[in-house]
Amino acid sequence: MITTIKRIKRAWRQYGFVAMLRMARHRLKSIAAGRSSNATCPIGQLYSELLSKYRKGKICGIAIIPSAFEFDELYNQRTINLAKYLSAKGYGVIYVAWQWHKGETLEKNYQYVYKNVVQMPLYEFVDHHHSFKMFDELTEKKYIIMLPAKILCDLVFFMKESGFDIYYDIMDDWERFHEVGQAPWYIKSIEEAVMLNANKVTAVSEPLVRKFSFLRSDIGLIGNGYYAQLLGDFVQSDAVQRSDDKVVVGYFGHLTESWFDWDLLFGLLDRHDNVRFEIIGYGESEHIRNRAQKVPGIKLLGKVSPRDLHQYVHQWDVAMIPFVKSELSEAVDPIKIYEYLYFGLPTVATGIPHLSEYPYVKVVDNVSELFYQAAMSLYERRLRREVDYKVIADFLEDKTWDKRFDGLLESDFLSELY
């Protein structure tokens, strides 16, 4: 009771009177009922609906997927695509959307955002975690952690006791993200603990498998992928030389200086005026925006919906992934590379060595002249019609999200609790 009072007081100080009342209501209900939910709250109602669907044979089990994003069917992101995949496999999915604090309002909470997928806010999900006892009769239950935050990892043993299989999918090198200020919630010991206590661990890249091999020798490799449905029908074609002799090199994705090598691009344009960079994305600093506005060879296009990307990329000659070389970049398996190749774009990259194994991808050092030469070489191959789109199609055949995630459900990889 003393702990409850302290938490209520802390909620008042940090989040205000309304949040304090909400916390008090939840805690007092928990004490009175012996659990953190009841059948009349939105969470209780939605969980009851999922249980009813199971009893009627409409779903085969439950999967819980916390995510850093609200659900958006058109957003090509790993957690969202996994939720869609598991839905298609017959699971009821509880999609837990991240909140930075309890008072943060999310647009799609307590809604069915996709077939058999309901979105829950992080703190309500955690406060009502005892509700999962209502799913005791289910044999197929999965708790899939992709964000090794303490608030999510603290539930591992409760979920295990409640019959859930625990999966940890190493989506990024969170330790390195933390070092560049992108994952303030990260605690190394928490990640290692959940890795040791998960039934199954997978990673998106070989460097991440190697990084944690001292903890486990059974980490599976499941890279990122793509959905053609998200990108729309696209006819790949060879490059055409423009009247202005400009070679258009394009990019879409995040633009923070923590890993996007802006100096590489600016340095290249200081020496060559036959290249134009078209950049789709967000996250660049005001300093970079101001600097780019003064350079004719850089065009910042802002955010673009995935379904509209084809309107831009058909004008590109080459794609790029100009990442600063670091342990962070070496561990990533960028989703955009599969999208670039789907669009038939040869790609020049820095900082990600393993991409050199992909067709029509050149990986070079972070030197402007080397980057320029690689981009021009790829452009000339398109002009000479030397890009074999069947080779690209064959490469992408097993890189769809469905093919990738099939490995996640293979029971022979499920390990006993460490």
Are the side chain of [X] and the backbone of [Y] linked by a donor-acceptor contact shorter than 3.5 Å?
| X | Y | answer |
| --- | --- | --- |
| Lys325 | Thr350 | no |
| Arg78 | Trp401 | no |
| Ser356 | Val363 | no |
| Gln77 | Thr79 | yes |
| Ser205 | Ala203 | no |
| Ser213 | Arg210 | yes |
| Arg216 | Met195 | yes |
| Gln119 | Phe71 | yes |
| Thr256 | Gly283 | no |
| Asn366 | Phe323 | yes |

Whether [X] and [Y] hold their rings parallel, tilted or perpendicular, with breakpoints at 30° and 60°:
| X | Y | value |
| --- | --- | --- |
| Phe252 | Phe343 | perpendicular |
| His254 | Tyr282 | perpendicular |
| Phe69 | Tyr75 | perpendicular |
| Tyr340 | Trp316 | perpendicular |

salt_bridge([X], [Y]) N-O dist < 4.0 Å:
| X | Y | value |
| --- | --- | --- |
| Asp263 | Arg291 | yes |
| Arg55 | Glu137 | yes |
| Glu327 | Arg176 | yes |
| Lys390 | Asp388 | no |

Evaluate side chain to side chain donor-acceptor pair (under 3.5 Å) for Asn197 paired with Tyr168, printing each intermediate quantity in order.
CA-CA 9 Å; Asn197 289 289; Tyr168 177 45; over 6 Å; no

Please determine, by modelled atom types, if [X] and [Y] share a side-chain donor-acceptor pair under 3.5 angstrom.
| X | Y | value |
| --- | --- | --- |
| Asn199 | Tyr143 | no |
| Lys84 | Tyr114 | no |
| Arg404 | Asn224 | no |

How many angstroms lie between OG in Ser87 and CG in Leu82, if you round to the nearest 0.5 Å?
11.0 Å

Which atom of [X] lies closest to which atom of [Y], heavy atoms considered:
| X | Y | value |
| --- | --- | --- |
| Leu264 | Pro322 | CD2-CB, 4.0 Å |
| Trp174 | Met146 | NE1-O, 3.3 Å |
| Tyr123 | Ile151 | CE2-CD1, 3.6 Å |
| Val249 | Ala375 | CG2-CB, 4.5 Å |
| Leu106 | Trp98 | CD1-O, 3.7 Å |
| Pro346 | Val387 | CG-CG2, 4.0 Å |

Is it possible for you to check whether Lys141 lies under 6.0 Å from the centre of the six-membered ring of Phe164, through NZ or CZ, and within 45° of that ring's axis?
yes

Side-chain contact test, heavy atoms from C-beta onward, threshold under 4.5 Å: evaluate it for [X] versus [Y] and give yes or no.
| X | Y | answer |
| --- | --- | --- |
| Leu122 | Glu104 | no |
| Tyr360 | Arg382 | no |
| Tyr338 | Leu231 | no |
| Val332 | Asp172 | yes |
| Ile352 | His354 | yes |
| Leu265 | Met320 | yes |
| Tyr372 | Val247 | no |
| Leu86 | Ile144 | yes |

Set out, in order, the CA-CA distance, both residues' side-chain angles and the distance that settles side-chain contact (heavy atoms from CB on, under 4.5 Å) for Leu51 and Leu138, then state yes or no.
CA-CA 9 Å; Leu51 182 59; Leu138 279 68; 3.7 Å; yes

I want to know whether [X] and [Y] have ring centres closer than 6.0 Å.
| X | Y | answer |
| --- | --- | --- |
| Tyr186 | Phe177 | no |
| Phe260 | Tyr251 | yes |
| Trp185 | Trp100 | no |

For Lys399, is the NZ atom crowded, meaning more than 12 foreign heavy atoms sit under 6.0 Å from it?
yes

Crowding at CD, Glu286 (>12 non-hydrogen neighbours, <6.0 Å):
no

Would Leu215 and Glu192 count as a side-chain contact (heavy atoms from CB on, under 4.5 Å) here? Give the steps.
CA-CA 8 Å; Leu215 287 174; Glu192 292 181 352; 3.7 Å; yes

Matching residue for Tyr227 among Thr400, Asn81, Asp402, Asn76 - test: side-chain hydrogen bond (donor to acceptor under 3.5 Å, both in side chains):
Asp402

As a quick check of understanding, evaluate side-chain contact (heavy atoms from CB on, under 4.5 Å) for Lys89 and Phe405, giving each step before the final call.
CA-CA 11 Å; Lys89 290 296 183 180; Phe405 290 141; over 6 Å; no

side-chain hydrogen bond (donor to acceptor under 3.5 Å, both in side chains) involving Glu175 - partner list, sequence neighbours excluded:
Lys211

Partner of Phe125 under ring-ring contact (aromatic ring centres under 6.0 Å, His included), picked from Tyr110, Phe132, Tyr95, is Phe132

Run the numbers on Lys58 and Asn116 for side-chain contact (heavy atoms from CB on, under 4.5 Å), then give the verdict.
CA-CA 9 Å; Lys58 295 182 178 180; Asn116 293 328; 5.8 Å; no

